[in-house]
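Below is one structure, written out as structure tokens; comments come after it.
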Amino acid sequence: MPFVEVEEARVSYRVDGQGPALVLIHGTGGDARSNWDAMTAELTKNWMVIRPDYSGSGATEDKGDSLSIDILAHQIVAAVNAAGAESFSIIGFSLGAAIAIAAAAQHKERIRSLVLLNGFAHAEDARSQLEFRFWRDLIDRDRDALARLILLTGFTPAWFDALSVEDVDAIVSRMVSDTNWSGMKRQIDVDLLVDVRREAASLSCPTLVIGSLYDHMVSPAHGRELTRLIPGTRHIEIASGHLAPMEHPSRVLDVTEPFLRGTPTS
């Protein structure tokens with residue numbers, strides 16, 4: 001796995017496939033593999049897929065200082081540069097959508113297109129503040145409970161139909177042991193303060209906003225707001241929970257790939 005030095009961070013990233021560059025930006029508590037593995041094999045048929053782990057996730061290492069959207073956007077673009085891509089498209093998921101907006105606003109001349117999946121421009125509303133503060137508190141008090149909450153609010157009830165109680169308990173156990181909890185807490189602090197509304201309004205690249213009808217982490221209303229903010233944006237809602245890249249990767253691909261193929265590659 002390659003790394004790129006970005007100020008005081010050593011950022012890990014993955015590159016798969018050939019073709020126009022497509023950057024996948026994960027969400028809070030996720031990483032390049034857990035959020036995107038289910039979609040990468042299909043995407044690499046047509047694109048060079050670049051998957052960075054920003055600070056707090058994956059194999060990326062840093063000093064553990066506070067993070068910001070600008071810091072994370074800078075890390076993403078540094079990984080793209082290290083991979084040798086000049087122009088690129090981005091799919092940003094959840095917090096990754098806000099990072100994608102920031103990166104696109106800073107590098108307008110390099111961005112071919114954007115896909116914003118279950119994203120949000122800010123978290124000022126009372127529900128978002130309640131949720132993210134609750135997550136942060138549970139990291140300190142009860143990580144097992146947070147893992148269970150993430151499953152309950154991240155997936156639809158139908159996702160559980162193929163699982164036994166023992167299966168769910170095993171998934172929770174893996175989440176508790178494998179999650180970078182200190183890194184996730186730092187990312188939640190970014191969630192709580194994020195505001196990329198001004199950057200979103202400045203964009204002019206082709207943009208697709210995807211919301212999930214059964215999203216109980218980030219309300220679909222946030223996607224509708226992004227659609228109003230970004231000029232000329234296309235908007236679609238799919239039948240999924242928040243964790244759509246893991247629950248229904250084919251549904252995400254069905255709406256994402258035609259949009260990406262329809263945008264210029266140079």
Is there a path from Val77 to Val6 through hydrophobic residues (I, L, V, M, F, W, Y) whose side chains come within less than 4.5 Å of each other? no
Crowded around Phe160 CZ? As in, over 12 foreign heavy atoms under 6.0 Å? yes
Go through it in stages, so that I can follow the logic: the residues are Glu225 and His122, the test is side-chain hydrogen bond (donor to acceptor under 3.5 Å, both in side chains), and I'd like the CA-CA distance, side-chain angles, deciding distance and then a yes or no. CA-CA 10 Å; Glu225 181 180 24; His122 67 90; 3.1 Å; yes
Return the CE to CG distance between Met184 and Asp191, rounded to the nearest 0.5 Å. 8.5 Å
Ring-ring centroid check His242 Phe93, cutoff 6.0 Å: yes
Can you get from Leu24 to Phe259 by hopping between Ile, Leu, Val, Met, Phe, Trp and Tyr side chains that sit under 4.5 Å apart? yes
Consider only side-chain heavy atoms of I, L, V, M, F, W and Y, link residues closer than 4.5 Å, and tell whether Leu116 and Leu213 are in one cluster. no
Short question: side chain of Arg251, backbone of Ala239 - any donor-acceptor pair under 3.5 Å? yes
Testing the 3.5 Å rule here: is there a donor-acceptor pair between the side chains of Thr227 and Thr233? no
Asp53 side chain to Thr60 backbone, donor-acceptor under 3.5 Å: no
Please work out which of the three classes, parallel, tilted or perpendicular, describes the rings of Phe132 and Trp135, given edges at 30° and 60°. perpendicular
Do any N or O atoms from the side chain of Glu237 and from the backbone of Gly211 form a donor-acceptor pair under 3.5 angstrom? no
Backbone of Gly30 reached by a side-chain donor or acceptor of Ser34 within 3.5 Å: no
Answer yes or no: is there a donor N or O on one side and an acceptor on the other, between the side chain of Ser219 and the main chain of His222, under 3.5 Å? no
Is Glu109 atom CD crowded by more than 12 heavy atoms from other residues, nucleotides or ligands, each under 6.0 Å away? yes
Check Ser94 against Phe120 and note the closest heavy-atom contact, atom names and distance. C-CE2, 3.8 Å
For residues Ile230 and Ala200, report the shortest heavy-atom separation together with the two atoms involved. CG1-O, 3.5 Å
Between Arg112 (side chain only) and Leu22 (backbone N and O only), is there a donor and an acceptor less than 3.5 Å apart? no
Could you please spell out the steps behind the side chain to side chain contact (heavy atoms under 4.5 Å, CB included) verdict for Ile236 and Arg234? CA-CA 7 Å; Ile236 192 167; Arg234 293 174 55 189; over 6 Å; no
Within a 6.0 Å radius of atom CD on Gln18, are there more than 12 heavy atoms belonging to other residues, nucleotides or ligands? no
Closest approach of Ile25 and Gly96, non-hydrogen atoms and distance? CG2-CA, 3.6 Å
Any chance CZ of Arg148 has more than 12 other-residue heavy atoms, nucleotides or ligands included, within less than 6.0 Å? yes
I'd like to know whether CZ of Arg224 has more than 12 heavy-atom contacts from other residues, nucleotides or ligands below 6.0 angstrom. yes
Test of understanding: clusters of I, L, V, M, F, W, Y form through side-chain heavy atoms closer than 4.5 Å, transitively. Do Val115 and Met246 belong to the same one? yes
Has Tyr214 got more than 12 heavy atoms of other residues, nucleotides or ligands less than 6.0 Å from its OH? no
Check: Asp65 main-chain N/O paired with Arg186 side-chain donor or acceptor under 3.5 Å: yes
dist Ile50:CD1 -> Ile90:CD1 (nearest 0.5 Å) comes out at 10.0 Å
Ser182 and Asn180 have their tightest heavy-atom pair at OG-OD1, 3.2 Å
Backbone N/O of Val11 and side chain of Tyr54: donor-acceptor pair under 3.5 Å: no
Donor-acceptor under 3.5 Å (Ser177 side chain, Arg174 main chain): yes
Quick one: does Trp181's side chain have a donor or acceptor within less than 3.5 Å of a partner on Val176's backbone? yes
For Thr40 and Asp37, test the side chains for any donor-to-acceptor distance below 3.5 angstrom and give the result as yes or no. no
